[in-house]
Protein chains: 2
Amino acid sequence: MSGGDPSAPPRPGNVLQAIHERMADLRPSERKVAQVVLANPGRVVRMTLAEAAQAATVSEPTVIRFCEGIGLPGFQHLKLELARNSAFGVSATHSVIAPDDAPQQVTDKIFEYTLTSLDHARRRLDPATLAQVIDLLAAAPRIEFMGMGASGIVALDAQQKFPLFGRPCGASIDHHQQYMLAMTMEPGDVLVAISHRGETRSLLQVVEAARARGVTVIALTGQTGSLSAAADVALIVETLDNTNVFTPTISRIAALVVVDVLSTAVALRMPAAKTERLAQMKRALTCMRTGGSQSGDEAAVC
Amino acid sequence: MSGGDPSAPPRPGNVLQAIHERMADLRPSERKVAQVVLANPGRVVRMTLAEAAQAATVSEPTVIRFCEGIGLPGFQHLKLELARNSAFGVSATHSVIAPDDAPQQVTDKIFEYTLTSLDHARRRLDPATLAQVIDLLAAAPRIEFMGMGASGIVALDAQQKFPLFGRPCGASIDHHQQYMLAMTMEPGDVLVAISHRGETRSLLQVVEAARARGVTVIALTGQTGSLSAAADVALIVETLDNTNVFTPTISRIAALVVVDVLSTAVALRMPAAKTERLAQMKRALTCMRTGGSQSGDEAAVC
DNA sequence: GGAAAATCTGTAGCTACGCTACATTTCGCG
DNA sequence: CGCGAAATGTAGCGTAGCTACAGATTTTCC
């Protein structure tokens, strides 16, 4: 109960990131403290002030001053904030997978990395752009999702969700088909172009062709680039991409969650009648045992 | 640095859940403390021992005894654990999406819910089963992924990852095709059957047919059920599924992350030569600008 | 280049927070 | 109705975290 907490503290975002940013403003000995904290946040949580000071080879007050330097009122609060962040375990930058890791370690690291990245993506998401995209999607007579490779998976997933809300929409993961579809679209229709790097040339071709026809193009991408420049609206889903070979691409997970957000927000715009139809369908799907094709044909309620 | 932390505490999982479970063993006045903590964990974090005692209308030592009762050594540790859990803001049960939510609220709630659910899935994942699945996949001459609907997306995603590690594998989201594929599989081959509820009848048919042929069947499902019973090994990916119509299904996200874990773990088993080939391919994909079809044809390194 | 000033860092002491030993009360049971 | 055991509150202690001050170091300006 009492969901809203007005006395909630000003969200300082990721503390570790804040430390990184304000590192320059810190005094030399305070930086030694920062090093220790960044190196092993999880351990600092279990440290006492004296221990932390000893670990950084500085005196206790220096540690306190470090806390104040990064905008925290004291050491206790630092530990609390650190505990919040270390909910995901070790900080993301350190969860590089080593070839000799045990399955349990691999699991921990990947989940950790995924959680941290999603958290990061959430913070970096621009609310204004998001709202704009929702408006466009809610008003579109027709929606097409397009992407290649991993982004193709996102497109297919989006296609599975949006029709539920009464929006005719499709998805394509083939260049030729994408091009042909683009040519059948009308002004006012929305094309959602998905590409993590935003440089996939074949997709850019399709986007250009669509825009020439007056189609509204929404880019769902991981960074500013050719795609975001070519689109009418660019929704940037920023993820932490470290370059380790074994670290799986998190980008599609983040994109999927964003698609969840979009589809849900669009659904909320729908009149109550359609919402009811959706609930009905969901009940039907839940009870469905036959698991028919994905074409979405309405099965009888069990 | 110092990735392994041998002095890590015994993972108490979700503290709030632990409190719920041990509620019966608690003394009457300690339960009053539990009420306060469960009602507003985020606020208790910022409380002092005296304040917490006052809020529960008990004395300080009672609060301490409460901490000991739930397996924590003291009040400080309780606050720390509470901070860990409130990392995602409000607890998951409260993030039910209301029809009049603003886009920003929808975003927050969905991300929050996703993060909490993933965290939950991680804790509930059985390491032994996971290790067993990895062994099976690493040894399999051939792997097929099958699923319907949302689980079909997971199957397609898995298919995109595993071939990179030199494993011939396929994915199918069509019942007829699945059945035919099952009939072409040989003893020792692995069929990964994906279904969140684990009751999709058409998939169960395929599983039975495959097992009759001596194929090893791995179930990737959200709960124990018909599928987990029918399979050789059942990997349960437990998610928090509240039944709100607008709450998107988290199951596929969790399943995707588990697929990440599996593919990465299998990749680590590969000899260095193949690992090198993978790195090479990833470099090529990164530089690829043409974004050819998803068939995985090797593009020249740019 | 030297001296003064400002800034940074460590020492000492204080407040109070969290924890433990003990007394009191309350409830169950013979 | 009285005894015993459990449960709860009171008092006091140790220590952790924070503040005032002084010494050391670097910077700056003449």
Side-chain angles (χ1 to χ4, degrees), chain A residues 7 9 12 15 19 22-38 40-86, chain B residues 7 9-10 12 15 18-19 22-38 40-86:
Chain A
S7 69
V15 188
I19 295 174
R22 309 196 68 168
M23 184 74 97
D25 311 339
L26 261 41
R27 299 185 247 282
S29 64
E30 288 173 23
R31 267 177 228 176
K32 286 163 74 177
V33 182
Q35 298 281 347
V36 172
V37 174
L38 289 173
N40 206 329
R43 187 167 291 175
V44 173
V45 172
R46 316 196 172 278
M47 277 179 177
T48 178
L49 176 63
E51 286 170 338
Q54 193 180 357
T57 61
V58 294
S59 65
E60 281 105 338
T62 303
V63 178
I64 303 275
R65 280 190 278 265
F66 161 77
C67 296
E68 287 164 357
I70 58 172
L72 261 33
F75 184 67
Q76 301 251 46
H77 290 255
L78 173 74
K79 295 213 307 188
L80 249 29
E81 285 299 324
L82 241 33
R84 261 199 192 76
N85 273 271
S86 69
Chain B
S7 70
V15 188
I19 295 173
R22 311 197 66 168
M23 184 73 96
D25 310 340
L26 260 42
R27 297 185 250 281
S29 63
E30 287 173 23
R31 267 176 229 178
K32 286 163 75 178
V33 182
Q35 298 280 348
V36 172
V37 174
L38 289 173
N40 207 331
R43 188 167 290 174
V44 173
V45 171
R46 317 199 169 275
M47 276 179 177
T48 176
L49 177 63
E51 286 170 339
Q54 193 180 358
T57 60
V58 294
S59 64
E60 283 103 338
T62 303
V63 179
I64 303 275
R65 282 190 278 264
F66 160 76
C67 296
E68 287 164 357
I70 58 171
L72 260 34
F75 185 66
Q76 301 251 45
H77 290 254
L78 174 75
K79 295 212 309 186
L80 249 29
E81 286 300 324
L82 242 32
R84 262 199 192 76
N85 272 271
S86 68

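Chain identifiers are assigned alphabetically (A, B, ...) following the order of the sequence lines, protein sequences preceding nucleic acid strands; residue numbering begins at 1 within each chain.
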Fill in the blank from the handout: Of the candidates C/dT11, C/dG18, D/dG9, the side chain of B/Lys79 sits closest to C/dG18
Exercise for the section: Return the value, rounded to whole Å, for the distance between atom CD of A/Glu51 and atom P of D/dT15. Expected result: 14 Å
Handout entry: Atom CD of A/Glu60 with >12 non-hydrogen neighbours under 6.0 angstrom
Key = yes
Practice task
Return the minimal non-hydrogen interatomic distance between B/Ala52 and B/Val63, and the atom names on each side.
Solution key: C-CG2, 4.5 Å
Problem - Closest-nucleotide ordering on DNA chain D, the 5'-leading residue of B/Gln76 and B/Ser59 - result: B/Ser59
Problem - Closest nucleotide among D/dG9, C/dT11, D/dT8 to the B/Val58 side chain - result: D/dG9
Practice task
Check the distance between D/dA6's C1' and B/Leu26's CG and give it to me in whole angstrom.
Solution key: 15 Å
Problem - Given D/dG9, C/dG10, D/dT10, the nucleotide with the shortest approach to the side chain of B/Pro61 - result: D/dT10
Handout entry: Whole angstrom value for the distance that separates C1' of D/dA7 from CZ of B/Arg31
Key = 13 Å
Exercise for the section: For C/dG10, take OP1 and OP2 only and decide whether either is under 4.0 Å from a side-chain N or O of A/Thr62. Expected result: yes
Exercise for the section: Quickly work out the B/Glu68 CD to C/dG18 C1' distance and round it to whole Å. Expected result: 12 Å
Handout entry: Protein-nucleotide distance (A/Glu60, atom CD; D/dC21, atom C1'), rounded to Å
Key = 16 Å
Fill in the blank from the handout: Of the listed D/dA7, D/dC18, C/dC8, the closest approach to the A/Phe75 side chain comes from D/dC18
Handout entry: B/Leu49 side chain, from C-beta outward: closest of C/dG18, D/dA7, D/dT10
Key = C/dG18
Practice task
For residues B/Phe75 and B/Thr48, report the shortest heavy-atom separation together with the two atoms involved.
Solution key: CE2-C, 3.8 Å
Exercise for the section: Measure from the side-chain N and O atoms of B/Lys79 to the backbone N and O of B/Met47, and report whether any donor-acceptor pair falls under 3.5 Å. Expected result: yes
Practice task
Select base, sugar-phosphate, or nothing to describe what B/Ser29 touches, counting heavy atoms under 4.0 Å on all strands.
Solution key: sugar-phosphate
Practice task
Would you indicate what A/Thr48 reaches in the nucleic acid, counting non-hydrogen atoms under 4.0 angstrom: base, sugar-phosphate, or nothing?
Solution key: sugar-phosphate
Exercise for the section: Let me know the distance between CD1 of A/Ile64 and C1' of C/dG10, rounded to the nearest Å. Expected result: 14 Å
Practice task
Find the distance B/Arg65:CZ to C/dT20:P and express it as a whole number of Å.
Solution key: 11 Å
Exercise for the section: Could you state the atom-to-atom distance from NE2 of A/His77 to C1' of D/dC18 in whole Å? Expected result: 12 Å
Practice task
Can you spot which of A/Arg65, A/Gln35, A/Met23 makes a side chain to side chain contact (heavy atoms under 4.5 Å, CB included) with A/Glu30?
Solution key: A/Arg65
